[in-house]
Each structure stands twice: as structure tokens, then as C-alpha cells.
There are 2 protein chains.
Amino acid sequence: MPDLEIPRKAVYRLSLYQRCLQRLQENEVETVSSQALAKAAGVKPTQLRKDLAYFGQFGKRGLGYDVGVLAGSISEALGRTRLQPVILIGAGNLGSALLRYQGFRKEGFEIVAAFDADPMLVGRAVQGVPVRAEEDLADFLAGGAVKMAILAVPAEAAQRVANELVGSGVQAILNFSPIVLEVPGEVVVNHVDLALELENLSYFVR
Amino acid sequence: MPDLEIPRKAVYRLSLYQRCLQRLQENEVETVSSQALAKAAGVKPTQLRKDLAYFGQFGKRGLGYDVGVLAGSISEALGRTRLQPVILIGAGNLGSALLRYQGFRKEGFEIVAAFDADPMLVGRAVQGVPVRAEEDLADFLAGGAVKMAILAVPAEAAQRVANELVGSGVQAILNFSPIVLEVPGEVVVNHVDLALELENLSYFVR
DNA sequence: ATATGTGAACGGCTTCACAGCC
DNA sequence: GGCTGTGAAGCCGTTCACATAT
């Protein structure tokens, strides 16, 4: 199984396909063609098939894909067969909105703890998740159970916190701060830059 | 000036460069090399120069770039010389966090109105921005002054609201709902899919 | 000497065309 | 006949190498 050869974009789309499959399952559809599924995901059929081909053969020629089988296969390919624990750093405006966001749990993620530097916020609980002091971060991560973190702190603090996370064994960071994080090669960072997205859009309005 | 030929990613990075330039201006740095600026933005020097080349020649060979001149040129290239009005639809968890988010204004955007379908939220004001009833959306947009919208409504409502926005002349949508919007070719959509970003990350943790 | 600007080479993702199987 | 799986072709963005300007 060639693992590190798979295009990042393809992995991205797999999640998209899976979400569409879940909807089909809810509607008790049992079979889909690459054409139908691709349309639902907003991509071309050949691309869908190519993406799936990175992981194996899941379809029946002349027939299509079994929705349940394909959903299961993608789950396995993505390593999303069980609930993933995640921590959140920064429980301000954006952070607490993320804590309340139901979409994460729905896709198999659980925010198990939140951290903030502000004593005013520490001790509270948002959506049942306690907000802890940032000093306790390293202790909490010492167990090694948590490998993913969401970073929603101000720009000035982001790199420092990121260093701390990496030092404590976090392998993946979803970064909402408007700075480019420097991390070792083995750590993966996805950057969601809200202002940048708006700015990018504004280029296209005349 | 070839306009529609410029890679989308390049436009994206221009915003990034500009942000770095602003920091340099604050520190009263007057000149940068492509090497230094590229490092700050997390890209390669050649890429920075290529990106700038799409828009013109701004540097002095053997010397580098004048920070002020380059910042101004990029601003102009991005069409970000004045404040852009934006509306927000969906003032729930995420929506109200976005209303409070200061990063937009800092980059030249102003959320001038918010809309929600929930009568409980309508009439309130968040961060000085009034939340209006969703029925009033078309009326508000009738003036044609607002060309950009942020969509933070539940998945079920997203496509319907998007249609309404497009029908009222909105040209660019920043979509936070977890569905792929179908819009006419002349409308630009940037999709920020929070759950998808996490899922993508989880693939890379072993 | 130093750093930009750019045509050419490179590499990777997407699309095509068709072989293979139901 | 219909649809998947896949090597080959095409396309686009990145990187290289170097000509050019100060």
C-alpha cells in the first residue's frame, strides 16, 4: 500500500465523498455510480475513480459502488474508524464558537479539553468542555492520547503555543491564527485564514 | 494586463505578502529582498518573484523592494484600496463569532449587516451590527452596494440562501456550511469546511 | 557583487481514452 | 450495454538557470 504517495487533495476529497455517502445511506440508497457520487461532491467522475484507485478497488464494473461498502472502505482508508480526541487552545470568540460547533462530533471528532491564557475564562465550561489554564497544557498532553489540536489564539501567541504543542507530541494542528506556523516536517498543519479567504474573494469582485 | 490568467493561489499569496509588508512597515523597515519577504511568508523566493511578475515590476535589481511601494502596488493589484462592505447570513455560534472577529476589519472589510431566520436572534445587535430578519435580505441587497457575503447557516438552508444571494447580485460568497454550493460561473465561492479540515489532518496522524 | 525578472524545465494533479469486467 | 479501473496525455503551477539591471 503506497501511503505517502497519495495527493493531499485526493485525501481531502475522500472526506467529501464519505459525507455524500452518509447522506445516501440515510436515504437508504444502496448503490451509486461514480457519475452520481461525483456530481454530489462537485467533481468529475474520472477524478472520483482516480481518487478511490489510490486505496483499492471498491466498485463493480457495469454496476457501480455499494454505498455501505464504499463508506466503510473510505472510513478505513482515512483511519476514521474510531472517535478522535482533539484539544482546543484559545477559548475566545472563535474558540468558543468552535467548541459549540456540532459538525466536529458528527464527523467523528471530540474536543476533550480547552485551554486559555485568560484567567477570566479558565474554570468555565463551554458545551460541557472545561476550559483549563494554559500552563496545564503540557501536563494534559503528557499522556500522549491526544495527537490533534485546534489553535485559535491571537497571532502573537500562536507560534509559542505551536512550539509547546509540538514539544508535547501533537502531530497535527488546525491553525486559525493569521500567521504561518513553523513546525518540524513530521507535524502537519492545516491553516484556515479567515481574513485571507475574504481578501481572496474580493479580488474577483469588480 | 492579463487579468484572468493569474493563478488563484498566486492571488492568495499576494494577500499573505501584503500582511508581511504591513508588519515591516510597522517596524519602519524600508527595503526587503525577495528572499527575506518570502521567508516571512513561508514560500520560496522565486515563487514570490513569479507571483509579483503577474502584476508588474516593483523591485530594484541588486537592491530589493521598497516596502511602501510594494505594499501599495499589491493593494492596488488586489483592488483593496478602500473598505469593502460584507454581509453575514447566519448569526448562530459561528456567525456571531465571525461578527466579533476583528481580523476582517483589520484587512479592510466591514460586516455591515447580519441576517438570521431565527426570530430569537433578530433585532439584537452583535458588536454593533444589527441582526435582521432573513426576509429582509433581498430588500437590503437591492441597493447593489454589497457584493460579498459570508454564509454561516446550517447545511439544509445553505443552497437556498446562496440562490437568494446570487439572485440579489452578490458576486462572492465565503461559505462555512458543509455542502458544495452550486452557483453560476460568474459567482466565486470560497469554501471553509471546518470538519473537513480536521478530517484531512487526521489522515496524517498515525 | 547582488538581487530582480523571466523563459524553460520539471513535477504533480487532472482529464482523456480505452481496456476490462459485470 | 454500462460502468469501473488505469495507463497515457494534457495542463498548470512551481522551480531552475540565467540574463539583466543597479
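So that the names make sense, note that chain A is the first sequence line, chain B the second, and so on, each numbered from 1.
Protein atom NZ of K60(B) is 19 Å distant from nucleotide atom C1' of dA1(C), rounded to whole Å. The nearest whole Å value for the distance from the CZ atom in R61(B) to the C1' atom in dA19(D) is 8 Å. As a whole-Å value, the separation of L48(B) CG from dC16(D) C1' is 16 Å. For the pair L70(A) CG and dC3(D) C1', the interatomic distance rounds to 14 Å; values are reported in whole Å. Note: CZ (F58(B)) to P (dG5(C)) measures 9 Å, nearest angstrom. Rounded to whole angstrom, the span from the CG atom of L52(B) across to the P atom of dA3(C) amounts to 16 Å. To the nearest angstrom, C1' of dA19(C) lies 12 Å from CZ of R49(A). L63(B) places its CG atom 10 Å from the P atom of dT22(D), with the value rounded to the nearest Å.
Smallest separation of non-hydrogen atoms from A158(B) and L151(B): O-CD2, 3.8 Å. The minimum heavy-atom distance linking P85(B) with A145(B) is given by the pair CG-O, 3.6 Å. Looking at every heavy atom in both residues, L198(A) comes nearest to F104(B) through CD1-CD2, 3.5 Å.
Remark: Y65(A) is in phosphate contact with dG5(D), judged by side-chain N or O atoms under 4.0 Å from OP1 or OP2. Under 4.0 angstrom from either OP1 or OP2 of dT4(D) there lies at least one side-chain N or O belonging to S34(A). Listed pair Q57(A) / dT6(D) meets the phosphate criterion, a side-chain N or O lying under 4.0 Å from OP1 or OP2.
Proximity of residues 8-24 of chain B to DNA chain D (heavy atom under 4.0 angstrom from any strand atom) is restricted to K9(B), R13(B).
Atom CZ of R23(B) and atom CG of L21(B) lie 10.0 Å apart (nearest 0.5 Å). Note that OG of S33(A) and CZ of R49(A) are 9.5 Å apart. Values are rounded to the nearest 0.5 Å.
The aromatic ring centroids of F140(A) and F115(A) lie less than 6.0 Å from each other.
As judged by a 4.0 angstrom heavy-atom cut-off over every strand, K50(A) is placed among the base-contacting residues.
When atom types are taken as modelled, the side chain of D51(B) and the backbone of F55(B) share no donor-acceptor pair closer than 3.5 angstrom.
Between K44(A) and G64(B), the residue anchored nearer the 5' end of DNA chain C, judged by the nucleotide with its closest heavy atom, is G64(B).
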